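When a ligand or atom number is given, it counts from 1 through the structure's own listing order. Everything numeric in this text was worked out from a predicted model, so none of it was measured.
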Amino acid sequence: MDKIIIEGGRPLNGTVQISGAKNAALPILAATLLASGVHRLRNIPPLRDIRTAKTLLYHLGATFEEGDPLSVHTDSVDGHEAPYDLVKTMRASVLVLGPLVARFKKARVSLPGGCAIGARPINLHLAGLERLGVKIELKHGYVEASAKKLSGNHIYFDIPTVTGTANLMMAAVLAEGKTVLENAAREPEVVDLARCLTSMGGSIQGVGTSVITIEGVSELQPMDHTIMPDRIEAATYLTAAGITRGNITITPCIPDHLEAVIHKLEQAGMEFQISEGSIKSIGAKVIRPIDIKTNPFPGFPTDMQAQIMAMMSLAQGQSIITEKIFENRFMHVSELKRMGADISIEGNTAVVRGRSKLQGAPVMATDLRASASLVLAGLAADGVTEVSRVYHLDRGYERLEEKLSRVGARIKRVSE
Ligand code: EPZ
């Protein structure tokens, strides 16, 4: 296993190239199952989770021509099973459920277990599919789904689930009649998927709002789609500028995707120059404490909670950070405290009392965004930080140490 070694205390300055969005690419790769032919996908990020998704598609019969665009051939797809040994490494594998039942009227997908940040059930995905006429049985740790046909219906999500909205959109797009998804997720990655499905011949209205209407069609055509830039990667680098008091420009990006993060970083004292496809961030000399509650889009993203907490560990005063999406997304706190952060947890709320310094230390990554948080803390800490188990990081950040080195960080990857 690799680890990343950081010598902290240097302000970061320069430009960071942002990759395609992991959480848009994953559902869009699954959507290739909805149509037979050659799909072309551009700006797919070369990440571990993407490789896992491609392995799953290959297991189902798809083949690939590597490159940008990536070509995905689905005319020979004949499988319908997502096995446990794949799903356990990436829960987003459940995104093949909707496309498989829509196209082949059957699917056998391993139930994803919990993960470090929470139980993460898929009950809303399954309840939505049942509303479309899919028979769902849970057998030996697998979801066994089958349907004679899929019929449009009205589906209400108790929680605006991101991949649940994606799964049901992909099922409904080939169902007979109209489907309404109420309390649907509004995340930009869901909008990107809808744009892709529309380009394939789907009929979808209201995406980006909490009520999405889908008119089923009988067949879809292969996609030719460019994945949106990754807003969480972008926000992570903006926060890297904030925590090191440097100036970083990120491009490409879609500023509208980053409004909540920019608003909070401005409250913390940062300034931004925003143009069409790029944002220049100017770090504050003094980091001001801020209160944050994570919420579904357009609220402050849970995927940025760990990263902003690292920055608030160096604020002048006390910040209150409330995690409202996942029940166990404070795994980074104990590691940040080993670096000298003063944080106490009460339920789903963390009280962060800012310190003047953090000390470099050996720390361990536990999940994707917690590992990003530890890297950010290491960039600002006095001395050397060693982050182990960086395979978590590789799931969502392309060449992170290279991108950070380019803007002045003293960071390297070594094999343990
Ligand atoms: C997506 O996960 C993202 N993953 C997550 O990013 C992100 O943190 C999350 O959305 C929230 O924004 C991908 O898009 C691949 P949810 P998802 O369904 O869809 C509960 C990362 O760092 N829920 O919106 O699994 C659930 O337990 C990852 O890139 C149910 O109870 O999240 C959670 O508390 C981590 N039943 C809340 O809803 C369900 O059927 C939101 O979950 C579905 C969800």
Side-chain angles (χ1 to χ4, degrees), residues 19-31 45 47-50 52-53 56 87 89-98 109 111-131 136 138 143 155-170 181 183-193 210 227-228 230-236 257 260-261 293-307 322-329 331-332 348 365-373 392-398:
S19 305
K22 167 177 85 80
N23 291 350
L26 291 172
I28 287 169
L29 278 166
L47 300 169
R48 191 160 161 261
D49 275 4
I50 298 297
T52 304
L56 175 53
V87 176
T89 61
M90 187 186 68
R91 51 180 303 101
S93 307
V94 292
L95 283 163
V96 300
L97 191 53
V109 175
L111 273 168
C115 81
I117 62 177
R120 301 184 73 184
I122 60 166
N123 58 309
L124 301 177
H125 300 229
L126 304 181
L129 290 173
E130 286 178 322
R131 293 280 293 171
I136 300 284
L138 302 184
V143 175
I155 294 168
Y156 176 79
F157 290 115
D158 297 345
I159 299 170
T161 159
V162 174
T163 51
T165 302
N167 241 334
L168 270 302
M169 226 166 34
M170 291 190 282
L181 304 181
N183 196 25
R186 299 170 56 191
E187 272 68 7
E189 294 78 12
V190 172
V191 175
D192 206 26
L193 170 63
S210 52
I227 302 292
M228 62 176 249
D230 193 314
R231 63 188 172 102
I232 303 300
E233 183 194 21
T236 302
H257 292 172
V261 171
K293 288 183 172 61
T294 64
N295 271 299
F297 193 88
F300 189 89
T302 173
D303 291 350
M304 275 303 299
Q305 179 258 106
Q307 297 93 308
T322 306
E323 171 55 59
K324 292 172 60 183
I325 305 293
F326 291 110
E327 62 268 30
N328 185 35
R329 202 168 199 175
M331 307 279 276
H332 43 286
N348 66 345
T366 52
D367 62 88
L368 168 54
R369 307 302 173 181
S371 47
S373 163
H392 291 292
L393 210 57
D394 296 338
R395 301 190 59 165
Y397 291 94
E398 178 193 358

ask   = So how far is it from N295 CG to I325 CD1, rounded to the nearest 0.5 Å?
value = 6.0 Å
query = Out of curiosity, N328 CG to R120 CZ, how far, rounded to the nearest 0.5 Å?
reply = 11.5 Å
ask   = Any side-chain donor-acceptor pair under 3.5 Å between Y397 and R369?
value = yes
query = Between the side chains of S19 and E398, does any donor sit under 3.5 Å from an acceptor?
reply =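 Judged by distance alone, the side chains do pair up.
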Heavy-atom nearest neighbour in the protein, as seen from [atom], with distance rounded to 0.1 Å:
| atom | result |
| --- | --- |
| atom 40 (O) of ligand 1 | L124 N, 2.7 Å |
| atom 18 (O) of ligand 1 | T161 OG1, 2.7 Å |
| atom 5 (C) of ligand 1 | D303 OD2, 3.8 Å |
| atom 19 (O) of ligand 1 | T163 OG1, 2.6 Å |
| atom 25 (O) of ligand 1 | R120 NH2, 3.1 Å |
| atom 9 (C) of ligand 1 | F326 CZ, 3.9 Å |
| atom 4 (N) of ligand 1 | N23 ND2, 3.7 Å |

Proximity of [X] to ligand 1 by residue part, where a heavy atom lies under 4.0 Å:
| X | answer |
| --- | --- |
| R329 | side chain |
| L368 | side chain |
| E189 | neither |

Show which atoms of ligand 1 fall inside a sub-4.0 Å distance from at least one heavy-atom site of [X].
| X | result |
| --- | --- |
| R369 | 21 (C), 22 (O), 29 (O) |
| V162 | 1 (C), 10 (O), 12 (O), 16 (P), 18 (O), 19 (O), 24 (O) |
| H125 | 40 (O) |
| I122 | 39 (C), 40 (O) |

message = Using the rule given for side-chain contact (heavy atoms from CB on, under 4.5 Å), can you reason through M304 versus T236, listing the C-alpha separation, both sets of side-chain angles and the distance that settles it, and then say yes or no?
response = CA-CA 7 Å; M304 275 303 299; T236 302; 3.7 Å; yes
query = Would T322 and T294 count as a side-chain contact (heavy atoms from CB on, under 4.5 Å) if you check the C-alpha gap in whole Å, the side-chain angles of each, and the deciding distance to 0.1 Å?
reply = CA-CA 6 Å; T322 306; T294 64; over 6 Å; no
message = Among N23, L26, L95, exactly one meets side chain to side chain contact (heavy atoms under 4.5 Å, CB included) together with T163. Which residue is that?
response = L95
Run down the list [options] and name the one with the heavy atom closest to [atom].
| atom | options | result |
| --- | --- | --- |
| atom 20 (C) of ligand 1 | N123, I232, D230, I159 | I159 |
| atom 43 (C) of ligand 1 | P121, A92, G164, P301 | P121 |
| atom 41 (C) of ligand 1 | T165, L193, I325, N328 | I325 |

query = Mind checking whether T302 has an N or O less than 3.5 Å away from an N or O of ligand 1?
reply =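 Between T302 and ligand 1, no N or O pair is found under 3.5 Å apart.
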query = Looking only at distance, does E327 have an N or O less than 3.5 Å from an N or O of ligand 1?
reply =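 No, no N or O pair falls under 3.5 Å.
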key: Residues D49, R91: salt bridge by 4.0 Å N-O rule   = no
For [X] and [Y], indicate whether the former's side chain and the latter's backbone hold a donor-acceptor pair under 3.5 Å.
| X | Y | value |
| --- | --- | --- |
| D192 | A24 | no |
| S371 | A365 | no |
| N167 | V94 | yes |

H392 touching ligand 1 at heavy-atom level, < 4.0 angstrom =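 Distance cut 4.0 Å: H392 fails for ligand 1.
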message = Check for me whether K22 has a heavy atom closer than 4.0 Å to any atom of ligand 1.
response =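 The answer is yes, since K22 has a heavy atom less than 4.0 Å from ligand 1.
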task = Evaluate the side-chain contact (heavy atoms from CB on, under 4.5 Å) criterion for residues E189 and R231: first the C-alpha distance (whole Å), next the side-chain angles of each, then the deciding distance (0.1 Å), finally the verdict.
result = CA-CA 9 Å; E189 294 78 12; R231 63 188 172 102; 2.7 Å; yes
side-chain contact (heavy atoms from CB on, under 4.5 Å) between E233 and K22, worked out = CA-CA 9 Å; E233 183 194 21; K22 167 177 85 80; over 6 Å; no
